[in-house]
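Each remark here refers to the structure printed beneath this line.
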Amino acid sequence: MRHATASGEASCGSAARALGLDAEAMELVARIDEMGPAWARRAARYDAAASFPFENYEDLRRAGFLKLCVPKRHGGLGAGYRLYALLSQRIGCWCATTANTFNMHVANSLWTADLVDELDLTPKERKGHEARRVLHYGRMVAGKLYAQPFSEASSAAAGISPFGTTATRVEGGFLLKGRKIFASLSGAADYYGVLCTEAKPQARASRRDTMFVAVPADAKGVSIVGDWDPLGMRGTVSRTLLLDDVHVPDAAQLMPRGIYIQAATRWPHMFMTLTGTYLGLMQAAYEFTIRYLRGEVDGMPVKRRMYPTKQIAVAEMLVKLETAWAIWLRAVAEAKLDPSEEERARALACQYTVMENCNEVCRLAIRTCGGQSMLRSLPLERHYRDSRCGSLMLPWTAEICMDRLGRGALYRKGETDE
Ligand SMILES: Cc1cc2nc3c(=O)[nH]c(=O)nc-3n(C[C@H](O)[C@H](O)[C@H](O)COP(=O)(O)OP(=O)(O)OC[C@H]3O[C@@H](n4cnc5c(N)ncnc54)[C@H](O)[C@@H]3O)c2cc1C
């Protein structure tokens, strides 16, 4: 009986305690919950039109959330990894598209604040980074929106090869050239945080020369091409971004040159931040199912909870949801510099579990609620389509997670079968 009334709000409270978050953090959760119902009401419209949820971002901007992970000393709200993770879960509960895109914005501050401070940098790099992030954080505090297109139609975003997008050194800055696919927030962002490879004359492209650079949306040579009519997460508007000899000044760098690879290697949980979105979405699908079967959804007053098959399906969904919560809380709490091999593996297992369970819970939700729940007038069919996207997100797709987990478990460092 307890579970029939279990709500995402209650899970969020216990998660906050598990992550050691304070009352200030819960105030931010409460602010999301104030804005959330309007996002949930608008979601179908943005999904149908495959258009960006500008109204939701106006809400976030007004509430100061565009500076969420900007450190307090730079005028931001100072949310760290754990708090962001929890808030993203809560946003995902109300609107998965908003959470997914918000993650791209937030990564530009989360990846460049404490995370970079913990890495090995020379004093000169540290000084330069501090000066440049004053500029970027100032923009976020002023309400500017950043995107994070790093995917290319190659193995670069999977971390296998260098990014094909290049940055060539020129007087006072860099010239960027390349093509980014799935640039969420395309047309909505003020800046695109692009991962690219510094082109060095007479040297082969190397992942060690990866740069992270903010490109203004209105810079000469920036264009957005291609249509956008996908299966799910339609409001992310993730079209193709073309960079045709775009000049950016030195100050555009979001990380010191060459530091990205150190971050990616030593702070692997930076790639796990989208799990909050899909944990929230899973929670939403579960809660909808409970209300539907109890006859509490508007226009659907028929109770269906008395059938044993429904009860079993709901129990299955709850087990998947709780499994995801459990590994997620543990992995989020373990996010840090130089995690152990076991913690690295758990982060991959967490990504896999959350993304796959999300889709499974949504699948079970449709099957058990039945035909009427599939209608577009209800949110479940959208949740189902959105849920399919989580496992596709590079660099930690479901397949890559499994591949790395299996190999990592069977081979010690440097071991081969030769
Ligand atoms: C809604 C949505 C929003 C997105 N937003 C962004 C964004 O804002 N920024 C961004 O950078 N990207 C974004 N992406 C892109 C996403 O992160 C992936 O880059 C994209 O889905 C990859 O598509 P692909 O067909 O090129 O995959 P491919 O790289 O061709 O991979 C196809 C599949 O092969 C498998 N695979 C690939 N490489 C390996 C490997 N080395 N080992 C084992 N298996 C492998 C994976 O399972 C993968 O799913 C978004 C994607 C979606 C669906």
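Source: prediction; values computed, not measured. All ligand and atom numbering here is 1-based and tracks the order in the structure. Below, all heavy atoms of this structure are taken into account, side chains as well, without hydrogens, waters or symmetry copies.
Set against the non-hydrogen atoms of Leu392, the atoms of ligand 1 under 4.0 Å away are 16 (C), 18 (C), 20 (C), 21 (O). Atom numbering of ligand 1 starts at 1 in the shown order; those under 4.0 Å from a heavy atom of Ser184 are 3 (C), 4 (C), 5 (N), 6 (C), 7 (C), 8 (O). Of all atoms in ligand 1, listed by their number and element, those nearer than 4.0 Å to a heavy atom of Thr236 are 1 (C). Close contacts of ligand 1 with Ser151, meaning ligand atoms under 4.0 Å from a residue heavy atom, involve 10 (C), 11 (O), 12 (N), 13 (C), 15 (C), 16 (C), 17 (O), 18 (C), 19 (O). Those atoms of ligand 1 with a heavy atom of Pro149 less than 4.0 angstrom away are 9 (N), 11 (O). Atoms of ligand 1 lying under 4.0 Å from at least one heavy atom of Met233, given by number and element, are 1 (C). Residue Leu394 has at least one heavy-atom neighbour below 4.0 Å for each of these atoms of ligand 1: 16 (C), 17 (O), 18 (C), 19 (O), 22 (C), 29 (O). Atoms of ligand 1 lying under 4.0 Å from at least one heavy atom of Phe150, given by number and element, are 10 (C), 11 (O).
Defined by atom type and a distance below 3.5 Å, a donor-acceptor pair is present between the side-chain atoms of Asn100 and Tyr278. For the residue pair Ser161 and Ser155, a side-chain donor N or O sits within less than 3.5 Å of a side-chain acceptor on the partner. Inspection of the Tyr292 and Gln372 side chains reveals no N or O donor paired with an N or O acceptor under 3.5 Å.
Shown are Val225, Ile224, Val222; of these, the side chain to side chain contact (heavy atoms under 4.5 Å, CB included) with Leu242 is made only by Val225. Each of Arg363, Arg388, Lys320 was checked for a salt bridge (Lys or Arg N to Asp or Glu O under 4.0 Å) with Glu356, and the lone residue meeting it is Arg388.
At a distance under 4.0 Å, a protein heavy atom can be found next to atom 47 (O) of ligand 1. Per-atom contact check: atom 30 (O) of ligand 1 does not touch the protein, criterion being a heavy-atom distance below 4.0 Å. Distances from atom 27 (O) of ligand 1 to the protein include no heavy-atom value under 4.0 Å.
Counting heavy atoms under 4.0 Å from ligand 1, residue Lys180 does not touch it at all. Here Met104 has side-chain heavy atoms under 4.0 Å from ligand 1, and that is the only part of it that gets that close. Residue-level proximity to ligand 1 for Ile160 is carried by the side chain, the only part with a heavy atom below 4.0 angstrom.
Across all non-hydrogen atoms, the minimal contact from Arg234 to Ala48 is NH2-O, 3.4 Å. Between Thr98 and Pro53, the shortest heavy-atom distance links the atoms OG1-CG, 3.9 Å. The shortest heavy-atom contact between Ala189 and Ala217 is O-CB, 3.3 Å. Summarising the geometry of Pro71 relative to Ala113, their closest heavy-atom pair is CG-CB, 3.8 Å, with the distance given to 0.1 Å.
Looking only at heavy atoms of the protein, atom 13 (C) of ligand 1 is closest to Phe182 O, 3.2 Å. Protein heavy atom closest to atom 33 (C) of ligand 1, with residue, atom name and distance, is Glu399 OE1, 4.2 Å. Met393 CE, 3.4 Å is the protein heavy atom nearest to atom 2 (C) of ligand 1.
At a 3.5 angstrom cut-off on N or O pairs, Ser154 does not count as close to ligand 1. Residue Gln148 has at least one N or O atom closer than 3.5 Å to an N or O atom of ligand 1.
In the candidate list Ile400, Asp403, Thr397, Thr397 is nearest to atom 49 (O) of ligand 1, counting heavy atoms.
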For residues 30-41, tabulate all N or O donor-acceptor pairs below 3.5 Å that involve a side-chain atom, not counting sequence neighbours.
{"from": "Arg31", "atom 1": "NH2", "to": "Ala63", "atom 2": "O", "distance (Å)": "2.5"}
{"from": "Asp33", "atom 1": "OD1", "to": "Arg90", "atom 2": "NE", "distance (Å)": "2.7"}
{"from": "Asp33", "atom 1": "OD1", "to": "Arg90", "atom 2": "NH2", "distance (Å)": "3.4"}
{"from": "Asp33", "atom 1": "OD1", "to": "Trp94", "atom 2": "NE1", "distance (Å)": "2.9"}
{"from": "Asp33", "atom 1": "OD2", "to": "Arg90", "atom 2": "NE", "distance (Å)": "3.3"}
{"from": "Trp39", "atom 1": "NE1", "to": "Asp59", "atom 2": "OD2", "distance (Å)": "3.1"}

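Between Arg179 and Asp244 there is no salt bridge, since none of the side-chain N atoms of the basic residue sits less than 4.0 Å from a carboxylate O of the acidic one. By the 4.0 Å N-to-carboxylate-O rule, Glu381 lies close enough to Arg385 to be salt-bridged with it.
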Steps toward side chain to side chain donor-acceptor pair (under 3.5 Å) verdict (Tyr191, His136): CA-CA 10 Å; Tyr191 296 89; His136 297 292; over 6 Å; no

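Ser155 does not count as a contact of ligand 1, since none of its heavy atoms falls under 4.0 Å from the ligand.
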